[in-house]
There are 2 protein chains.
Amino acid sequence: MTMDSSPLGLRERKKRAVRANLSAIALRHAQERGVSQVRIEEIAAEADVSPRTFNNYFPSKEAAIIDSATMRAERLCELLAAQPAGTSLHDALTAALMTLFEDEPDRDWISRARLIRAEPSLFAEAAKADVAIEQAVALEIGRRTGVDGTTCLAPRLAAATVVAAIHAAVAFWLDADNGTLREVIGQAMSQVRIADIAPDAA
Amino acid sequence: MTMDSSPLGLRERKKRAVRANLSAIALRHAQERGVSQVRIEEIAAEADVSPRTFNNYFPSKEAAIIDSATMRAERLCELLAAQPAGTSLHDALTAALMTLFEDEPDRDWISRARLIRAEPSLFAEAAKADVAIEQAVALEIGRRTGVDGTTCLAPRLAAATVVAAIHAAVAFWLDADNGTLREVIGQAMSQVRIADIAPDAA
DNA sequence: CATAAATTTGCGTATCACGCAATATTTCTG
DNA sequence: CAGAAATATTGCGTGATACGCAAATTTATG
């Protein structure tokens with residue numbers, strides 16, 4: 001059991017490639033034909049893997065379509081963890097978001113986002129993912145502030161609020177494209193209150 | 001086409017009864033055996049309807065199990081609409097929530113809530129429902145404040161924040177049962193900012 | 001009671017998720 | 001480098017589901 005995480009062995013690289021490929025194909029099919037007409041069999045054929053392998057990577061076509069969006073979300077936690085300890089929770093979260101949305105979303109991101117909002121089954125899958133993000137963020141906030149989410153409402157509330165802000169900002173930005181998404185996210189964060197959390201106060 | 005909505009014709013009453021029955025049976029089975037072991041066929045048999053009929057009411061067993069929770073959520077919009085026009089948005093939402101959680105949840109509600117949080121497939125279904133609520137609340141807020149959600153971020157943000165608050169409060173209350181759910185919801189709302197919305201300000 | 005409207009039902013079909021065991025590939029070890 | 005160990009892919013089989021469709025049943029209307 002040797003752990004070299006930098007060069008990333010052939011095995012892991014291949015897996016990631018297959019995963020990304022499957023996801024991309026699934027997304028394209030969904031955009032061209034509509035989600036209900038996407039067939040796992042065809043995705044697998046186009047990716048040169050067996051249908052069974054598709055289900056080794058994803059439990060459903062919806063999950064495959066959503067996948068890259070999910071991965072982007074995981075970055076939020078890392079970015080939050082990377083924020084300096086001195087800043088307030090609100091500022092740290094805002095800074096993390098500003099970094100996360102540093103570069104404006106490209107065409108693919110946007111079209112996928114629109115697709116997700118248009119197709120109920122994708123919407124549901126995305127909602128599921130959002131909840132997962134929320135939990136991860138809550139955990140990271142707990143770690144950062146030294147307050148257990150079980151003991152105190154605040155960490156969960158903060159996490160839920162952030163996710164809500166992102167959610168609302170993206171939805172709004174997609175409908176009425178005024179300014180950059182980054183700006184809209186900033187607006188949302190400025191209108192929202194995130195209570196600071198102290199380890200001692202119950 | 002006669003519209004008597006008070007006495008509610010036999011037809012509608014029967015439908016509601018069947019729906020409630022199916023949902024209740026589905027929930028019980030899920031609690032007894034776990035969601036994955038719930039069989040639509042058995043639910044239908046116990047409710048004295050055909051399996052096909054089950055799928056006329058619900059697209060999946062998860063939807064059936066969640067159903068009553070979904071219905072409770074619809075009340076939030078009605079309650080919000082019923083709030084007097086003079087009060088601030090934050091106060092109106094808080095008041096609506098205080099009414100919604102007026103009577104403390106009973107055993108069934110709690111055990112269902114716990115089940116939902118324990119079972120991923122139910123969790124996903126609930127998340128889907130939450131998004132639907134959010135949209136409905138956003139619409140109602142837009143109506144109340146006279147601001148279109150397409151034009152302005154605020155209504156969506158407010159709706160998302162409220163749902164987030166409920167979400168966090170319930171999650172926290174289920175884990176650490178300190179005080180009543182009503183109180184926790186109140187705490188959450190007091191820690192959250194809901195910007196007031198004026199119809200003229202863009 | 002007769003007719004119209006809506007609901008339930010049975011049937012058939014296209015997917016799908018997933019366990020399992022065999023096979024192929026990559027990685028590790030000497 | 002060769003064999004062994006670990007891991008991934010594949011094919012197969014099964015149980016379950018969602019849903020369109022048309023016939024049969026139930027409810028509503030005059």
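Labels below follow one simple rule: chain letters A, B, ... track the order of the sequence lines, proteins then strands, and each chain is numbered from 1. The figures here come from the full heavy-atom set of this structure, side chains too, leaving out hydrogens, waters and symmetry mates.
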Item to check | Closest non-hydrogen atom pair, A:Ala129 against A:Thr70 | outcome: CB-OG1, 4.1 Å
Next on the checklist: Using modelled atom types and a 3.5 Å cut-off, is there a donor and acceptor pairing between side-chain atoms of A:Glu125 and backbone atoms of A:Glu62?
Outcome noted: no
Checklist entry - In whole angstrom, what separates A:Ile65's CD1 from C:dC16's P? => result 11 Å
Item to check | Presence of donor-acceptor pair under 3.5 Å, side chain of A:Arg52 and base of C:dG19 | outcome: yes
Checklist entry - Side chain of B:Ser23, backbone of B:Arg19: donor and acceptor closer than 3.5 Å? => result no
Checklist entry - Within the distance-only criterion (no hydrogens, no angle test), does the side chain of A:Gln187 pair as donor or acceptor with the backbone N or O of B:Leu153 below 3.5 angstrom? => result no
Item to check | Distance below 4.0 Å between A:Asn55 side-chain N/O and C:dA17 OP1 or OP2 | outcome: yes
Checklist entry - Heavy-atom contacts under 4.0 Å between residues 25-39 of chain B and DNA chain D, which residues? => result B:Val38, B:Arg39
Next on the checklist: What I want to find out is whether A:Asp175 reaches B:Arg156 closely enough, with some N-O distance under 4.0 Å, to be called a salt bridge.
Outcome noted: yes
Checklist entry - Does the side chain of A:Thr99 pick up a donor-acceptor pair with the side chain of A:Arg75 at under 3.5 Å? => result no
Checklist entry - Is a side-chain N or O of B:Arg114 found less than 3.5 angstrom from the main chain of B:Leu174, in a donor-acceptor match? => result yes
Below 3.5 Å is the cut-off: list the nitrogen or oxygen pairs between protein and nucleotides 7-9 of chain D, distance only.
unit_1 : atom_1 : unit_2  : atom_2 : d
D:dT7  : O4'    : A:Arg11 : NH2    : 3.2
D:dT7  : O2     : A:Arg11 : NH2    : 2.7
D:dA8  : OP1    : A:Lys15 : NZ     : 3.1
D:dT9  : OP1    : A:Tyr57 : OH     : 2.7

Checklist entry - Between the side chains of A:Glu134 and B:His167, is a donor N or O closer than 3.5 angstrom to an acceptor N or O? => result yes
Item to check | Rounded interatomic separation in angstrom, taking CD from A:Glu62 and P from D:dA18 | outcome: 12 Å
Checklist entry - Judged by atom type as modelled, is there a donor-acceptor pair below 3.5 Å linking the side chain of A:Thr87 to the main-chain atoms of A:Gln83? => result no
Item to check | Distance in angstrom units between B:Glu41 CD and C:dC11 C1', rounded | outcome: 14 Å
Item to check | OG-CD distance between A:Ser190 and A:Glu183, expressed to the nearest 0.5 angstrom | outcome: 11.5 Å
Checklist entry - B:Phe58 has an atom CZ; how far is it from atom P of C:dT8, in whole Å? => result 12 Å
Item to check | Axial bend angle, the helix from C:dC1-D:dG30 to C:dG30-D:dC1: five-pair end segments, nearest 10° | outcome: 30°
Next on the checklist: Between P on C:dC18 and CD1 on A:Ile40, what's the gap in Å once rounded to a whole number?
Outcome noted: 10 Å
Checklist entry - Out of curiosity, A:Arg182 CZ to A:Glu104 CD, how far, rounded to the nearest 0.5 Å? => result 9.0 Å
